[in-house]
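Values reported hereafter were calculated over all heavy atoms of this structure, with side chains retained and with hydrogens, waters and symmetry mates removed.
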Amino acid sequence: MEKYNPASIEKKWQDKWFAENPFRVTEDSDKKKFYCLEMLPYPSGEGIHTGHARVYGLGDTLARFKRMKNYNVIHVQGFDAFGLPAEGAAIKRGIRPDDWTYANIEKMTRQMKLMGFSYDWDQKVITCNPDYYRWTQWLFELFYKRGLAYKKEAAVNWCDSCGTVLANEQVIDGKCWRCDHEVHKKNLAQWFLKITDYADELLADLDKLKGWPDRVKIMQENWIGRSEGAEFSFNVEGHDDKIPVYTTRPDTIFGVTYVVLAAEHPLVEKLISGQPNEAELRQFVDEVRNLSDVEKTNADSEKKGIFTGVYAVNPINNKRVPIWITNYVVYEFGTGAVMGVPAHDERDWMFATKYDLEKILVIDNPKRPLDLNEMDNAYTEPGIMVNSGPFTGTDSVKGKRAVIDWLEKNGVGTRKINYRLRDWLISRQRYWGAPIPIIYCDKCGEVLVPEEDLPVLLPTDVEFKQGALSPLSTSKSFNDCKCPKCGGHAHRETDTMDTFICSSWYYLRYTDPHNDHAPFDRDKVNYWSPVDQYIGGIEHAILHLLYSRFFTKVLRDAGLLDFDEPFTNLLCQGMVIKDGAKMSKSKGNVVSPEEIIDKYGADTARLFILFAAPPERDLDWSDQGVEGSFRFLNRVWRIVNIYSEQFSDAVDYDSNSLTDEEKSLRRAMHRTIKKVTEDVGDRFMFNTAISSLMELVNEMHTFQDKPINPALAREVVSNLLKMLAPFVPHITEELWSKFFEGSVHQQMFPTFDEVALVEDEVEIVLQINGKVRGRMTLPRGLDRAAVEKFAMTHQRVKELTADKKIVKVIAVPDKLVNVVVK
RNA sequence: GCGGGUGUGGCGGAACCGGCAGACGCGUCGGACUUAGGAUCCGAUGUCCUCGGACGUAAGGGUUCGAAUCCCUUCACCCGCACCA
């Protein structure tokens, strides 16, 4: 027998696949479509890592399985190719960002082919290609025309180390998501996309995403952060100005004892100037304004404030309350000013306690009356309104509405819904991204680059320097241009777009990647979309997944496509861990897929990664486990070759004429088909699917040195290879080609026969008081009474119940009998 | 602090609807073959045991004829959010 030689087998079939492309995507099929998508990689210089091997291994197995289940499958790969590391390489090593990027793409494409992933490489999408970013720019213009892209000056998140601004979503714990460098605020004129226009729908439609993990939906819900309440204004004593505040607790409005402003609030300047302690006030304001985001947004940091010397008037009861400036009001949320209700808000309680401000109880606990003197914390639960003028005695939940009604009737406030979500800042002061297609004309102002002039190409005459502001601004050829409207002198926007824009629509381009007159064809995108199964890391729970949902909704409203949500089902795979830690160069625990391929072959690498853990859990890498997977493939190789010696041309056999051992093997085969079909198709339990295939192979060993019905032998081998094919495509194709016709990957996945699963006899467990005390074998399908009767006459049961009183007998047909005795 | 998740042999993990806990793999031990085995094949492998059994799914309690699974309390670890009024 020939030895299993993965290296030569894998090369042979990969050469054939990638030359003939049997995975070609076509829309002209009677089959049901299936869009299998994995999050596209960034072309890193390190090549593919085990995390890539895991996501793409999962996706590829599913895609191959679905093809064999007679689906018309689209399975495409691409590269999210813009981004800072390319510029880093340019600065550090003097390589051009595009050269560096394309070299990495070459490398990773080669490695993915080595893994045997069944992508239609003719559909490959690279986001830094002009034929792609032309349409990214086109989409920006679409947003602009729809009033969803605008430029404004704002205090934005700035990362010194990356030399660019960041979106809110890209600031993690006050640090840059990419380099972990601390982020600080900077006032800059920047481009934003109006994602807040879609806040409501993005929130509401989470309900439609039945196939998404709850935790992802909860994270998005929290991120959008919808809250309902009221906005109303305090008059300022001695000034014409008003202070609008936002509250979710209008029911506590009679408990207001002060008003607080964020240090950035526009009124601050006016209120403090001319105050006797102006210098002191100014110093406090400057201090707070200069706090880093980390210090400012940390709930644990001490609440500090200073009295402005000015008073405001509560519109509901004309109570005069002091106006304070604090460090705990978030300027960007609501109105940047808050009413202080110490008795019913924890922060206000702490603040008022510290500065000895008045506390008024206005919500009482209906179960146990409250006394401010005995409270050491705010009462934040609902209750009954007290000390609240005409509202006294009202249930606080109903009181919210009543107070808002009063505010609206008296013209001092309105009902208001607020979101935590802010607009998406998309300008980046970097080179390696899609240029924002805007021209600034001295006469005409901000002008879109005409559609026919797209793409705005990246120039090559730029300087890459650490810390330099937008390298594009160093390019004269890029900067200077003519105004498309008046023909006069103008210059270009030198910022590029956030790469997350590029990845917000790539899955749409996959359906029509060569289109040169539109981003994608409407019929094609509607045929394939939405994505039936999306697979990727949890780290994109908010960023990429929220942005993509936003894009889809905007493009739907623009009439470019006809669906509301891009991804029907989402699977978030776990990390790959080794020796208790995430693989990383600094820990020295990195295993590269390519070294596993070199040693054992891609099939072993794929098998191990799918077998070692269920997809959503973290995977513990084990070199011995890899060894075990390799061993299993050798066993498959061996047993299939042994069985093949007994094959006949006959395909039919009479199942009744089989020996008991043959019947048992046949049953095992059908059982395995059922299990694998359900585990892969319905449950995503690739690990248990593989274990059941291992059981079948173990079972096949019964006949390794014994004659077997030749037609059965043939059937078992054929079905085994078909079932293994999605997991280990090379070895199965090789063995298939030796003994059968065509390609195993073009076969239908085997179906199971319920009848063949059924055994004539079943083992019944006998329990006394719930403990297993014996077993008996009975014909299948006996009813409760019959099973009970057999059990009660069973020797062991009789012995153990002889001197006891039988209280109850529970009989479950084909399963167990439990005798309860005293 | 709030929200979500996880907890099962020496290890990775099974047990899908409340019905034989530990499938499958790794490791370990034993056997066969062999000049040899770190290859391959066969077998054993939760703990304790007086060999009848007893105990056992983070800990404690509850519901049930019966609980890893349902309910309550507690603990540990992981992830997300964290002054959003």
Between the protein and nucleotides 26-32 of chain B, list every N/O to N/O distance that falls short of 3.5 Å.
residue	atom	partner	partner atom	Å
rC26(B)	OP1	R631(A)	NE	3.3
rC26(B)	OP1	R631(A)	NH2	2.7
rG27(B)	OP2	R631(A)	NH2	3.2

Discussion item. Counting only side-chain nitrogens and oxygens, does R773(A) get under 4.0 Å of the OP1 or OP2 atom of rA54(B)?
Written reply: yes
Practice prompt. Would you mind reporting whether L633(A) and Y4(A) have side-chain heavy atoms less than 4.5 Å apart?
Written response: yes
Practice prompt. Would you indicate, yes or no, if rC81(B) has its OP1 or OP2 atom less than 4.0 angstrom from a side-chain nitrogen or oxygen of R420(A)?
Written response: no
Worksheet item: Base, sugar-phosphate, or nothing for D348(A), non-hydrogen atoms under 4.0 angstrom?
Response: nothing
Practice prompt. Please state the P separation for the pair rU57(B) and rA68(B) - nearest whole angstrom.
Written response: 7 Å
Practice prompt. Using a 4.0 Å heavy-atom cut-off across all strands, classify R422(A) as base, sugar-phosphate, or nothing.
Written response: base
Worksheet item: Relative to the 5' end of RNA chain B, which residue comes earlier, V329(A) or S692(A), by the nucleotide with the nearest heavy atom?
Response: S692(A)
Worksheet item: Hey, which of N769(A), V809(A), I806(A) is the one that makes side chain to side chain contact (heavy atoms under 4.5 Å, CB included) with V820(A)?
Response: N769(A)
Discussion item. Categorize R671(A) for me: base, sugar-phosphate, or nothing, with a 4.0 angstrom heavy-atom threshold over every strand shown.
Written reply: nothing
Worksheet item: Rounded to the nearest 0.5 Å, how far does CD of E695(A) lie from CD of E699(A)?
Response: 8.0 Å
Worksheet item: Is Q220(A) near enough to rG80(B) that one of its side-chain N or O atoms lies under 4.0 angstrom from OP1 or OP2?
Response: no
Practice prompt. Would you mind calling rC17(B) syn or anti? Take O4'-C1'-N9-C4 for purines or O4'-C1'-N1-C2 for pyrimidines, and syn is within 90° of 0.
Written response: syn
Worksheet entry | Beyond-backbone contact of V321(A) with F234(A), side-chain heavy atoms, under 4.5 angstrom | yes
Worksheet entry | Sub-4.0 Å heavy-atom contacts from residues 332-340 of chain A onto RNA chain B, ordered by number | F333(A), V338(A)
Practice prompt. Answer with base, sugar-phosphate or nothing: what part of the nucleic acid does E346(A) contact at a heavy-atom distance below 4.0 Å?
Written response: nothing
Discussion item. As a test of reading the structure: which of rA14(B), rG53(B), rA85(B) is closest to the side chain of M685(A), going by heavy atoms?
Written reply: rA14(B)
Item to complete: Choose from rG53(B), rC42(B), rC24(B) the nucleotide whose nearest atom is closest to any side-chain atom of R635(A).
Response: rC42(B)
Worksheet, complete the sentence: Regarding the side chain of Y328(A), the nearest nucleotide among rG19(B), rC24(B), rC83(B) is rC83(B)
Worksheet item: If you measure from the P atom in rG18(B) to the same atom in rG52(B), how many Å do you get, rounded?
Response: 37 Å
Discussion item. Using a 4.0 Å heavy-atom cut-off, does K675(A) contact any base of the nucleic acid, only the sugar-phosphate backbone, or nothing at all?
Written reply: base
Practice prompt. Indicate, with a heavy-atom threshold strictly under 4.0 Å, whether L816(A) touches base, sugar-phosphate, or nothing.
Written response: base
Response to the item:
Distance col, row I404(A):CD1 vs R415(A):CZ, nearest 0.5 angstrom, shows 4.5 Å
Worksheet item: For atom C1', what is the distance between rC29(B) and rA15(B), given to the nearest Å?
Response: 27 Å
Discussion item. Does rG66(B) count as syn, meaning its glycosidic angle lies within 90° of 0, or as anti?
Written reply: anti
Practice prompt. Specify the separation, in whole Å, of atom CZ of R784(A) and atom P of rG19(B).
Written response: 15 Å
Discussion item. Using a heavy-atom cut-off of 4.0 Å across all strands, would you classify N222(A) as base, sugar-phosphate, or nothing?
Written reply: nothing
Worksheet item: Between N634(A) and K771(A), who's closer to the 5' end of RNA chain B by nearest nucleotide?
Response: N634(A)
Worksheet item: Can you find a pair of side-chain heavy atoms, one from V821(A) and one from V807(A), that are under 4.5 Å apart?
Response: no
Discussion item. Just to be sure I understand the rule, does R775(A) reach a base, reach only the sugar-phosphate, or reach nothing, if contact means heavy atoms closer than 4.0 Å?
Written reply: base
Discussion item. Ring pair (Phe, Tyr, Trp, His ring centres under 6.0 Å) for Y419(A) and F333(A)? Distances and angles first, verdict last.
Written reply: CA-CA 8 Å; Y419(A) 297 94; F333(A) 184 76; 9.5 Å; no
Discussion item. Given rG66(B), rC41(B), rU6(B), identify the nucleotide with an atom nearest to the side chain of R617(A).
Written reply: rU6(B)
Item to complete: Dump the intermediate steps for salt bridge (charged side-chain N to carboxylate O under 4.0 Å, His left out) on K175(A) and E182(A), then the final yes or no.
Response: CA-CA 4 Å; K175(A) 290 178 183 159; E182(A) 203 153 289; 5.5 Å; no
Discussion item. For RNA chain B, report each stem as range with range, ordered by first number, or say none. Use Watson-Crick or G-U wobble pairs under 3.5 Å, at least 3 in a row.
Written reply: B:1-7 with B:75-81, B:10-12 with B:24-26, B:27-32 with B:40-45, B:46-48 with B:53-55, B:58-62 with B:70-74
Item to complete: Just call it for V765(A): base, sugar-phosphate, or nothing, with non-hydrogen atoms closer than 4.0 Å on any strand.
Response: base
Discussion item. If the cut-off is 4.0 Å, is K808(A) near the phosphate of rC65(B), judged by side-chain N/O to OP1 or OP2?
Written reply: yes
Practice prompt. Look at R683(A) and rA15(B) and indicate whether a side-chain polar atom (N or O) is within less than 4.0 Å of OP1 or OP2.
Written response: yes
Discussion item. Using a 4.0 Å heavy-atom cut-off, does N418(A) contact any base of the nucleic acid, only the sugar-phosphate backbone, or nothing at all?
Written reply: nothing
